[in-house]
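Notes follow the structure.
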Amino acid sequence: MRELVSLIKLNFKMAFNPSTKKRNSAKIYFLVFFVIGIAISFFYAITFAQSILASKINNFKILVFFGFVISCFLNFILFISSAGNILYKSKDNNLMFSMPIKKHTIILAKMLSLLLIGYLYQFVLTLPFIVCYYIYSGFNIISLIAYIFSFILCPIVPFAVCCFIAFIIAYIAKKIKYKNLFSTIALFVVFAIFMYFYLQLDFSSIVTNNNTTNVAKYIPFLNWTLLSITNNNLIYVLYNLLLSTAFIFITYGFIYYTFFKMCSDEHNSFKSKKTKIVYKQQSVIGALFMKELRAYFASPMYVFNTFFAFLLLLGMSVYVAIDKTVLQVFYELSKNNFLLVSGITVVMCLIISTCSITGISISFERKKINVLKSLPISYKHILGSKILLAFIVGSPFIFVSSLIISIFCNLSVFGIIFVMLFPQFWYFSCCMFGIVINLSFPNLQTANDTVLVKQSLSAFLSVFIPLIYWLVVIIGFSFLAPYIPVTIYCIVAFCISLVFFIYPLIYLLKFADKKFKNLDC
């Protein structure tokens, strides 16, 4: 038991502490942004409750429904993108095998570590909604007990399903030549299938339907969760307990049977692989760029997590082009052409902010950072190649999305130029900003890709700070629009966003050299 707790604590320390020198400050930063996340979730829940109250439907069960559905949605993304990497492809498996730790302890530590991150996401998303539900519908001790048990049981079924899917992907991937490419495509396919079924939930009917659980009747564990909390009936908790217990034991037995076999096969195939090394004359920046390109596409987790924003942006632009009702709403909300252009640009920048390739690119060097520092290469070339890769990967998606929106929204010449250029400028600023954040909060000790991509402080901050800026701009517009001319407000917002370009640029020119030289794993 002590070994199990130690392994779980180690996973969390490696996840949220950027370096041994700044562990205390990292905890403070994480706590601050965790509180901010709770505050944002509360703001959304209260706004949602007020809209229900204004509609005079008084169906506050919707709050419980949305809280758990959204948490299940995000947990599914977390589990499907992380389970395979943590269980079967983790780079720290060789270290684990060499330690005097029992097999079941290693497996339980990996499973529980992933589940605990899921509980963290679920806590941030469900607590505000359940509090608002009790405020407007009345508090009941049986309902609270049902919520506590449901909170523990709800992520287990998605976790079990994702573990089985992760095994299938990992098993097929080891049989083919281009396993990283296959794993990446498979993750996107699974996510697309999940999104299809998720969008089949008729959310619009929930507002007019008092029986909220009808929407989730084909998802037993979610349906029982909602019934137990809203109907104050613990019998549904028992149903969920039996289902979750069966799933978790089956999942544990399956992973116990396949874990070491899959890991040993992966290790043997890696050792027996023979590759022909070809040396080509390249420029310094070209060689560094190719190194970054190979490192980026070598991690399906890295690609999946960063490509999501670009695909979302492209999908949004295509949807706007196809669905004319969306364009009509844009035209009705926009009082003039400048406001229309500004609104489109802000939405695009908001989506772009959710991607940060450079936010963890330095951390991915791990122990190789010392070798990289010892080379007779300028730090500007090393960091510049990381920024260049990120920009080249995302820029085509932004260009195509901007072009589609510009054509189908019938923008003016000024609007087309602005929509085409400003999102590119913002993305380049985010690429530089991600490097600055990663230099400030590196995590060079973690061998697990999932920890770096989804749980490291630099990955969180490099996405959260630009994202929160545009959310503040949107929320501020709703409050200040009656008092400040819309054109002035938009111009000021875009001018302030220049800070995300000027500050990283000055930092990279003046301070990055010293920071880079002080990096040590």
Side-chain angles (χ1 to χ4, degrees), residues 41 44-45 48-49 52 55 57-80 115 118-119 121-165 190-191 193-251:
S41 188
Y44 181 72
F48 201 96
I52 296 173
S55 65
I57 297 174
N58 295 329
N59 183 16
F60 294 104
K61 294 180 182 180
I62 303 172
L63 293 170
V64 181
F65 176 84
F66 267 86
F68 276 95
V69 166
I70 293 172
S71 66
C72 285
F73 171 71
L74 291 182
N75 273 337
F76 183 90
I77 297 175
L78 169 70
F79 295 147
I80 196 62
L115 266 175
Y119 285 130
Y121 288 0
Q122 185 172 262
F123 179 81
V124 172
L125 292 167
T126 60
L127 180 66
F129 283 91
I130 203 70
V131 169
C132 289
Y133 171 73
Y134 289 143
I135 291 174
Y136 290 97
S137 294
F139 177 76
N140 186 285
I141 188 64
I142 297 178
S143 177
L144 178 62
I145 295 172
Y147 168 70
I148 294 172
F149 278 97
S150 299
F151 179 86
I152 298 172
L153 299 174
C154 200
I156 291 178
V157 174
F159 172 75
V161 172
C162 290
C163 284
F164 283 101
I165 295 175
V190 172
F191 178 75
I193 294 173
F194 171 76
M195 282 297 299
Y196 172 78
F197 286 105
Y198 176 76
L199 293 174
Q200 298 308 303
L201 295 176
D202 189 6
F203 289 100
S204 60
S205 68
I206 302 172
V207 180
T208 56
N209 187 359
N210 288 326
N211 191 2
T212 304
T213 55
N214 281 344
V215 183
K217 63 183 178 180
Y218 297 113
I219 312 175
F221 75 94
L222 185 57
N223 190 28
W224 295 334
T225 297
L226 300 175
L227 287 172
S228 63
I229 296 174
T230 57
N231 292 356
N232 307 323
N233 194 335
L234 294 180
I235 190 66
Y236 294 106
V237 173
L238 180 61
Y239 294 160
N240 236 345
L241 178 62
L242 294 175
L243 180 67
S244 300
T245 303
F247 265 86
I248 199 66
F249 273 102
I250 293 173
T251 304

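Numbering of residues begins at 1 and proceeds along the displayed sequence.
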In a table with atom names and distances, give each donor-acceptor pair under 3.5 Å that connects a side chain of residues 151-159 to protein atoms at least two apart or in another chain.
none

Only one of Leu74, Leu115, Val161 clears side chain to side chain contact (heavy atoms under 4.5 Å, CB included) with Phe79; which?
->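 The option that passes is Leu115.
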
Does any non-hydrogen side-chain atom of Leu222 lie less than 4.5 Å from one of Val69?
->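 A side-chain contact exists here, since the closest heavy-atom pair is under 4.5 Å.
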
Does the side chain of Tyr133 pick up a donor-acceptor pair with the side chain of Thr230 at under 3.5 Å?
->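 Per modelled atom types, Tyr133 and Thr230 side chains form no pair under 3.5 Å.
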
Would you please say whether a donor-acceptor pair under 3.5 Å links the side chains of Ser150 and Asn240?
->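 Their side chains do not contain a donor-acceptor pair, so the 3.5 Å distance test is not met.
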
Return the minimal non-hydrogen interatomic distance between [X] and [Y], and the atom names on each side.
{"X": "Phe139", "Y": "Leu144", "result": "CZ-CD2, 3.7 Å"}
{"X": "Ser228", "Y": "Val237", "result": "CB-CG2, 3.7 Å"}
{"X": "Ser41", "Y": "Val124", "result": "OG-O, 2.9 Å"}
{"X": "Gly67", "Y": "Thr126", "result": "O-CG2, 3.5 Å"}
{"X": "Asn232", "Y": "Ile142", "result": "O-CG2, 3.6 Å"}

At what distance, to the nearest 0.5 angstrom, does [atom1] of [X] lie from [atom2] of [Y]?
{"X": "Asn140", "Y": "Ile145", "atom1": "CG", "atom2": "CD1", "result": "9.0 Å"}
{"X": "Leu241", "Y": "Phe221", "atom1": "CG", "atom2": "CZ", "result": "15.0 Å"}
{"X": "Ser71", "Y": "Leu78", "atom1": "OG", "atom2": "CG", "result": "11.5 Å"}
{"X": "Ile130", "Y": "Ser143", "atom1": "CD1", "atom2": "OG", "result": "5.5 Å"}
{"X": "Trp224", "Y": "Ser244", "atom1": "CH2", "atom2": "OG", "result": "9.0 Å"}

Is Phe249 atom CZ crowded by more than 12 heavy atoms from other residues, nucleotides or ligands, each under 6.0 Å away?
->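 Counting other residues, nucleotides and ligands, CZ of Phe249 stays at 12 neighbours or fewer.
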
For the ring pair Tyr236 and Tyr239, is the centre-to-centre distance below 6.0 Å?
->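 Here the rings of Tyr239 and Tyr236 have centres that are less than 6.0 Å from each other.
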
Derivation of the side-chain contact (heavy atoms from CB on, under 4.5 Å) call for Cys162 and Phe76 = CA-CA 7 Å; Cys162 290; Phe76 183 90; 3.6 Å; yes

Please report the C-alpha distance between Gln122 and Asn75 in whole Å, then the side-chain angles of each, then the deciding distance to 0.1 Å, and finally whether the side-chain contact (heavy atoms from CB on, under 4.5 Å) criterion is met.
-> CA-CA 8 Å; Gln122 185 172 262; Asn75 273 337; 4.1 Å; yes

Could you give me the CA-CA distance, side-chain angles and deciding distance for Phe68 and Phe129, then say whether side-chain contact (heavy atoms from CB on, under 4.5 Å) is met?
-> CA-CA 9 Å; Phe68 276 95; Phe129 283 91; over 6 Å; no

Applying side-chain contact (heavy atoms from CB on, under 4.5 Å), run through Phe65 and Ile229 and close with a yes or a no.
-> CA-CA 10 Å; Phe65 176 84; Ile229 296 174; over 6 Å; no

Short question: side chain of Thr245, backbone of Leu242 - any donor-acceptor pair under 3.5 Å?
->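 Not confirmed, Thr245 side chain does not pair with Leu242 backbone.
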
